[in-house]
2 protein chains.
Amino acid sequence: MTEKQKNILKSALKLYAQEGYASTSTSKVARSAGVSEGLIFRHFKNKEGLLAAVLQMSMEAAKLHMADIVMTADPKELISKILTLPFKIKEEEYEMWRLTYALKWQTDSYDASSQEPVKLALRNAFEKLGYENPAAEAELIYMFIDGAATSFLLHPPEHRSEILNTLKAKYKL
Amino acid sequence: MTEKQKNILKSALKLYAQEGYASTSTSKVARSAGVSEGLIFRHFKNKEGLLAAVLQMSMEAAKLHMADIVMTADPKELISKILTLPFKIKEEEYEMWRLTYALKWQTDSYDASSQEPVKLALRNAFEKLGYENPAAEAELIYMFIDGAATSFLLHPPEHRSEILNTLKAKYKL
DNA sequence: CACAATAGTGAGTAATCACTTACAAATGTA
DNA sequence: TACATTTGTAAGTGATTACTCACTATTGTG
């Protein structure tokens, strides 16, 4: 991976996250990365290819998070880890999360399959804890972390820890 | 309001919700509405003006919902109404909600002020019920309905009522 | 009816879009 | 050194973009 190639990916992520994929032209990405526009097509074939590369790069980090969570044995700890997830979005992961959340609404890009392993782990955890409807509880948590992440990504956070504690109390964590 | 004007708004809402605002050209809207492209600019000045008109039209319905909720006196009923909101998105309101949720991620369009009256009503309700941290509870609920709406708008719903009941149980409703 | 205002059209506009091509510079490898 | 491969650029391409303009059709009003 060349330095210029990395610059393209970095600029594309930044611009796609800030202004949206559709309204960010390849020429804008090239200008921001300090390369000729042709180079984008040399390395990534077309605009879609660039998006795919950006997404793949971004998702490596997320996969590590998820793998750690799924392997947690103690059910209470697993639920706690998942609930805490959106409250701990790191500065350097901000742009990638903004992009993935925004892209959800672009018709073709939504992929629910990546959520399955986490949902399964959640269901098992609630089952172990003797909850009445583990599947519904898992869905509920998933909906919540989606909403919380949205909230934190869109407006500056306030009293995060209070909110997290109030939430944890609902599951006696 | 002319018939053609209504058609433009209807087509624009549909296309913006399906394919996104940025990637829907004015010519596409005109073709879908069966009018000349020039007419769009005659009536709505420019592309942004058309979006504003679509949004304004769409939001009339939402305001009625909110007004009803805010005026509910019984705290338990108020909370229940808000929790139920995303579970009852009507067919004819689907496109407008998809558009508003997608537009959240477009840098400039987000307006948090419309949420304030509802959040205030929620805080008061939790206060009346003697909850420890009413403000945090209100935020929590708001995050949840955001996540639930997202979930219902993006993938086909399943066991909605089970999920709603599990959720209501957490607030003893 | 007269006539002004509004509604609507179709053919433009320059700018920008994603993408290609021909060619040069840098690099790997024998 | 020789030469093939990869990296990079500059100047294009036709299509599409948001938008304008000159014009006609329809409608409301005295």
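So that the names make sense, note that chain A is the first sequence line, chain B the second, and so on, each numbered from 1.
Looking at Lys4(A), its side chain never comes within 3.5 Å of a backbone N or O of Ser36(A) through a donor-acceptor pair. Proximity of a side-chain donor or acceptor of Thr100(A) to a complementary backbone N or O of Met96(A) within less than 3.5 Å is detected.
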Sugar-phosphate or base contact per nucleotide [nucleotides 16-23 of chain C; S, B, -; heavy atom under 4.0 Å]: -SBBB---

Could you tabulate the donor-acceptor pairs under 3.5 Å formed by side-chain atoms of residues 12-22 of chain B, not counting sequence neighbours?
unit_1	atom_1	unit_2	atom_2	d
Glu19(B)	OE1	Lys28(B)	NZ	3.0
Tyr21(B)	OH	Glu48(B)	N	3.4

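A nucleotide of DNA chain D counts as in contact with chain B when one of its atoms lies under 4.0 Å from a heavy atom; the first and last such, 5' to 3', are dT17(D) to dT20(D).
Below 30°, between 30° and 60°, or above 60°: for Phe126(A) and Tyr131(A) the angle between ring planes is above 60°, a perpendicular geometry.
The distance between the ring centers of Tyr101(B) and Phe152(B) does not fall below 6.0 angstrom.
Each end of the helix from dC1(C)-dG30(D) to dA30(C)-dT1(D) gets its own rotation axis from five pairs of C1' atoms, and the angle between them is 10° to the nearest 10 degrees.
Taking CD1 from Ile89(A) and CZ from Arg160(A), the interatomic distance works out to 7.0 Å, rounded to the nearest 0.5 Å.
With respect to the salt-bridge test (charged N to carboxylate O, under 4.0 angstrom), the residues Lys6(B) and Glu3(B) qualify.
Neither side chain, Glu37(A) nor Ser27(A), offers a donor N or O lying under 3.5 Å from an acceptor on the other.
Qualifying salt bridge (charged side-chain N to carboxylate O under 4.0 Å, His left out) partners for Glu92(B), counting only residues two or more places apart in sequence or in other chains: none.
Remark: His43(B) is in phosphate contact with dG8(C), judged by side-chain N or O atoms under 4.0 Å from OP1 or OP2.
The stretch residues 68-91 of chain B participates, sequence neighbours left out, in these salt bridge (charged side-chain N to carboxylate O under 4.0 Å, His left out) pairs: Asp68(B)-Lys81(B), Glu77(B)-Lys81(B).
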